[in-house]
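Written out below as structure tokens is the structure these notes cover.
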Amino acid sequence: MVKSLQGRLFKQRNIYYKGEMDMALEMRNKCEKCMDKLTSVSVAYICVYECTFCPDCTKNMNYICPHCGGELVKRSRKGLIANSCSL
């Protein structure tokens, strides 16, 4: 996990960085409830702690994370638009 901490060392994928970095979203590849496979373009729902669930499980849990009690919202997806900027 990456934290945005100015001037401190932090770790991402076993590489240490010094300075300020943006927080990265961890794209988990399975639903934490039913263990169904999720790809980077699958519709999935996450809470603020990045617990990840498929749409069916999310609906059955009333869009509430069973771990933290927070709201489950739709996760962003990778690679849906080839060119997002038309300059």
Side-chain angles (χ1 to χ4, degrees):
M1 186 180 293
V2 178
K3 295 187 178 183
S4 183
L5 299 172
Q6 191 171 10
R8 294 189 182 172
L9 285 175
F10 51 94
K11 181 176 161 183
Q12 178 185 21
R13 294 188 182 149
N14 296 321
I15 300 171
Y16 287 90
Y17 298 91
K18 183 175 173 98
E20 186 172 340
M21 286 187 63
D22 294 328
M23 290 177 28
L25 180 64
E26 182 181 335
M27 300 293 277
R28 296 186 183 161
N29 60 3
K30 63 183 175 181
C31 173
E32 293 184 31
K33 185 84 169 168
C34 69
M35 300 303 176
D36 275 355
K37 183 178 178 182
L38 299 169
T39 67
S40 61
V41 295
S42 297
V43 174
Y45 290 81
I46 61 172
C47 71
V48 295
Y49 298 105
E50 298 180 14
C51 299
T52 305
F53 302 97
C54 70
D56 290 337
C57 289
T58 300
K59 186 175 179 182
N60 290 337
M61 297 183 298
N62 296 317
Y63 298 86
I64 302 295
C65 178
H67 307 297
C68 70
E71 179 183 18
L72 292 173
V73 296
K74 208 177 266 191
R75 168 180 86 175
S76 60
R77 296 184 282 171
K78 289 184 186 177
L80 293 180
I81 301 173
N83 295 318
S84 60
C85 182
S86 59
L87 294 177

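Each residue takes its place number in the sequence, starting with 1.
Taking CE of M61 as the start and SG of C51 as the end, the distance is 9.0 Å to the nearest 0.5 Å. C57 SG to D36 CG: the interatomic distance, rounded to the nearest 0.5 Å, is 7.0 Å. How far OH of Y45 is from SG of C65: 14.5 Å, rounded to the nearest 0.5 Å. Note that CE of M27 and CG of N29 are 10.5 Å apart. Values are rounded to the nearest 0.5 Å.
Listed by first and then second residue, the salt bridge (charged side-chain N to carboxylate O under 4.0 Å, His left out) pairs involving residues 51-71 amount to none (not counting sequence neighbours).
Using a distance-only test at 3.5 Å, with no hydrogens or angles considered, a donor-acceptor pair links the side chain of R75 to the main chain of R28. The main-chain N or O of E50 is found under 3.5 Å from a side-chain atom of T52 such that the two form a donor-acceptor pair.
Considering every non-hydrogen atom in both C31 and L38, the closest pair reads N-CD1, 3.7 Å. V43 and R77 get closest at one heavy-atom pair: CG2-NH1, 3.6 Å.
Considering only heavy atoms from C-beta on, C47 stays 4.5 Å or farther from F53 through its side chain.
Partners of K30 by side chain to side chain contact (heavy atoms under 4.5 Å, CB included), not counting sequence neighbours, listed by chain and number: M35.
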